[in-house]
Amino acid sequence: MSVIESLRDRGFVDNTTHEEELAAYLSTPGRRCYIGFDPTGSSLHVGHLVTVMALCHMQRAGHCPIALVGGGTGMIGDPSGKTEMRQMLTPEIIDENKAGLRSQLSRFLDFSDEKAFLLDNADWLTGLEYIPFLREVGRHFSVNRMVKAESYRARLDSDEGLSFIEFNYMLLQAYDFYELSRSHNCYLQMGGSDQWGNIVAGVDLVRRKGGETAFGVTFPLIMTASGIKMGKTHKGAVWLDPERTSPYDYYQFWVNTDDADVERFLALFTFLPMAEVKAVAGLSGAELNAAKAVLAFEATALCHGHEAALEAYKSAAAMFGVKKIAESLLPSSTIPRGGDASALDSVPCLEVETELFQGEGVPVFKLFALAGLAASGGAARKLIRQGGAYINGERLDKEDRLVVEADFEGGEILLRAGKKRYHRIALKG
RNA sequence: GGUGGGGUUCCCGAGUGGUCAAAGGGAUCAGACUGUAAAUCUGACGGCUCAGCCUUCGGAGGUUCAAAUCCUCCCCCCACCA
């Protein structure tokens with residue numbers, strides 16, 4: 001099975017340009033393909049994962065992925081899929097974000113020995129000169145057609161309008177593709193479905209300027225069954241950066257996957273064989289729940305490593321109970337199947353001075369606020385009032401109950417807010 | 001530049017002098033039910049040192065015992081016209 005077929009099978013493909021030629025292009029190993037990443041944030045989040053996984057699949061299939069950081073285009077801002085104008089980024093912030101991107105991508109891709117590249121389009125975009133650019137690139141673009149592109153139309157119809165700087169985005173992204181085709185022999189660009197217009201513009205430009213065929217593939221926008229953009233939660237994005245979203249929280253994010261999404265997500269976000277993934281379709285109840293654990297385990301292992309995944313798994317087992325995961329369920333997964341030892345190590349922990357708990361002690365609601373389980377002291381009080389706060393497994397009934405040294409078991413206290421959020425408090429020293 | 005319409009608590013959106021921390025919906029949080037899911041029901045939902053106090057309705061002043069609501073100036077947004 002070719003990569004492209006395999007990607008299609010796993011649900012990655014939304015649209016492609018000239019399908020047959022593309023399949024032929026990819027039948028030779030070592031082909032280059034690229035995806036652009038906006039350096040608008042210092043960390044990637046789950047919403048980027050589809051594109052990252054696609055690059056992984058390419059690399060595993062023997063091709064050479066290029067992650068293109070939009071250091072240049074980031075100074076413009078892509079209007080696609082945005083209802084309002086982007087904030088322009090300063091070069092310093094872009095630099096910082098680039099560094100973060102690189103470290104995260106290298107968890108997924110092997111950048112050694114030119115097996116993959118990380119490039120920055122600032123390298124060729126910032127030096128462009130206006131008049132030559134217009135003469136060489138601009139003349140290939142029909143404003144009539146650009147205006148019809150989905151990415152612009154939404155903005156043209158909106159109250160916000162479209163600024164001229166953003167209108168140029170398409171030309172620059174198209175130019176990227178042209179540049180990569182020449183400098184890196186790269187003839188395939190992939191991206192989210194909102195990038196279709198930009199990608200096609202690049203394909204056209206490569207043809208017009210070089211007379212060569214280039215290809216484009218877009219991925220569907222992944223929505224959860226409840227209709228939210230993948231990776232967005234109430235709290236904002238689920239980050240790939242362990243500093244921002246701990247491996248434990250990352251694991252929990254996946255465990256909390258909607259029933260209806262499990263099979264689809266296993267296909268997209270793990271490398272488990274499709275034959276096994278498809279078997280999940282018929283499951284329900286506890287079995288389906290076990291499949292979520294596998295999904296969480298595999299996804300966490302990919303992003304944070306096997307060790308971290310194991311820890312998150314154990315912590316979950318400690319708090320929610322050990323689940324038996326049948327040998328026959330997704331057998332390729334390396335998730336522990338029996339009920340082995342559990343650990344709390346990956347539950348976030350806050351160290352506090354011992355003195356605080358000597359004498360009077362500290363009112364519990366303050367601890368909840370301190371640990372970040374409640375946004376403020378007031379919110380913590382509310383939580384307790386509603387019966388959603390626990391200390392060492394016991395439900396609290398008094399907001400200002402004082403916590404003293406004697407409450408610590410083995411130097412630690414386990415706080416719990418609601419059903420799923422835990423935090424440890426440990427004595428310092 | 002002209003004319004008209006707007007800016008309300010996370011979002012949408014009521015509210016035209018006191019009864020307004022401000023209707024209703026969404027989102028969120030908690031509880032019940034479950035499978036750490038969904039759906040449903042219940043409660044919470046500006047802040048706090050929480051039976052009380054403090055701060056909000058674009059900004060700054062003013063009128064009034066009392067203003068989100070009235071007046072003045074300013075800022076910003078939108079539509080149409082230029």
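First the proteins, then the strands, lettered A, B, ... as listed; each starts at 1.
At whole-Å resolution of the value, CZ in Arg421(A) and C1' in C29(B) are 8 Å apart. Look at NZ on Lys292(A): it is 11 Å from C1' on U34(B), rounded to the nearest Å. A straight line from CG of Leu383(A) to P of G31(B) spans 8 Å, rounded to a whole angstrom. As a whole-Å value, the separation of Arg416(A) CZ from U36(B) C1' is 10 Å. For the pair Arg264(A) CZ and A37(B) P, the interatomic distance rounds to 19 Å; values are reported in whole Å. What separates CD1 of Ile228(A) from P of A27(B) is a distance of 9 Å, to the nearest Å. Taking atom CG of Leu329(A) as the reference point, atom C1' of G35(B) lies 14 Å away to the nearest angstrom. Taking atom NZ of Lys324(A) as the reference point, atom P of U36(B) lies 18 Å away to the nearest angstrom.
Ranking A38(B), A32(B), U36(B) by closeness to the Arg395(A) side chain, first place goes to A32(B). Minimum atom distance to the side chain of Leu288(A) is reached by G35(B), of the listed A32(B), G35(B), U36(B).
C50(B) and A44(B) are spaced 15 Å apart, taking the C1' atom of each and rounding to whole Å. The P atoms of G35(B) and G26(B) are separated by 27 Å, rounded to the nearest whole Å. Between U56(B) and A21(B), the two P atoms lie 13 Å apart (nearest whole Å). Distance check on atom C1': G7(B) versus U69(B) gives 15 Å, rounded to whole Å. Comparing the P positions of A27(B) and A39(B) gives a spacing of 9 Å, expressed to the nearest Å. The P atoms of A68(B) and G59(B) are separated by 12 Å, rounded to the nearest whole Å. For the P atoms, the distance from A22(B) to C10(B) is 15 Å, rounded to whole Å. Annotation: G5(B) and G46(B) have their P atoms spaced 34 Å apart (nearest Å).
Along RNA chain B, the nucleotide nearest to Ser226(A) and the one nearest to Gly388(A) differ in position, and the one closer to the 5' end is contacted by Gly388(A).
Remark: Leu221(A) engages Ser193(A), Met223(A), Lys229(A) in a side-chain contact (heavy atoms from CB on, under 4.5 Å) (not counting sequence neighbours). For Asp258(A), the salt bridge (Lys or Arg N to Asp or Glu O under 4.0 Å) criterion is met by no residue, not counting sequence neighbours.
The distance from atom OG of Ser246(A) to atom CD of Glu311(A), rounded to the nearest 0.5 Å, is 10.5 Å. The CZ atom of Phe215(A) lies 11.5 Å from the CD atom of Glu19(A); values are rounded to the nearest 0.5 Å.
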Carefully, step by step, assess Lys366(A) and Asp400(A) under the rule salt bridge (charged side-chain N to carboxylate O under 4.0 Å, His left out). CA-CA 8 Å; Lys366(A) 289 208 167 173; Asp400(A) 41 15; over 6 Å; no
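Across all strands shown, Asn289(A) has heavy atoms under 4.0 Å from base atoms, whether or not it also approaches the sugar-phosphate. Residue Thr257(A) is classed as a sugar-phosphate contact, given heavy-atom separations below 4.0 Å to backbone atoms only.
For G35(B), neither phosphate oxygen OP1 nor OP2 lies less than 4.0 angstrom from any side-chain nitrogen or oxygen of Lys420(A).
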Reading nucleotides 43-51 of chain B from 5' to 3' and marking B where a protein heavy atom lies under 4.0 Å of the base, S where only the sugar-phosphate is that close, and - otherwise, the string is BSS-SSSB-
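Taking the six-membered ring for Trp, Tyr175(A) and Phe133(A) have ring centres closer than 6.0 Å. His45(A) has its ring centre no less than 6.0 Å from the ring centre of Tyr250(A).
U28(B) is paired with A44(B) under the Watson-Crick or G-U wobble criterion, all donor-acceptor distances under 3.5 Å. A 3.5 Å limit on both hydrogen-bonding distances identifies U3(B) as the Watson-Crick or G-U partner of A79(B). With a cut-off of 3.5 Å on both pairing distances, the Watson-Crick or G-U wobble partner of C73(B) is G59(B). The base-pairing partner of U34(B), taking Watson-Crick or G-U wobble contacts with both distances under 3.5 Å, does not exist among the strands shown. Under the Watson-Crick or G-U wobble criterion, with both distances below 3.5 Å, C50(B) is left unpaired in every strand shown.
Between Glu394(A) and Arg401(A) there is no salt bridge, since none of the side-chain N atoms of the basic residue sits less than 4.0 Å from a carboxylate O of the acidic one. Taking 4.0 Å as the cut-off between side-chain N and carboxylate O, Lys278(A) and Asp9(A) count as a salt-bridged pair.
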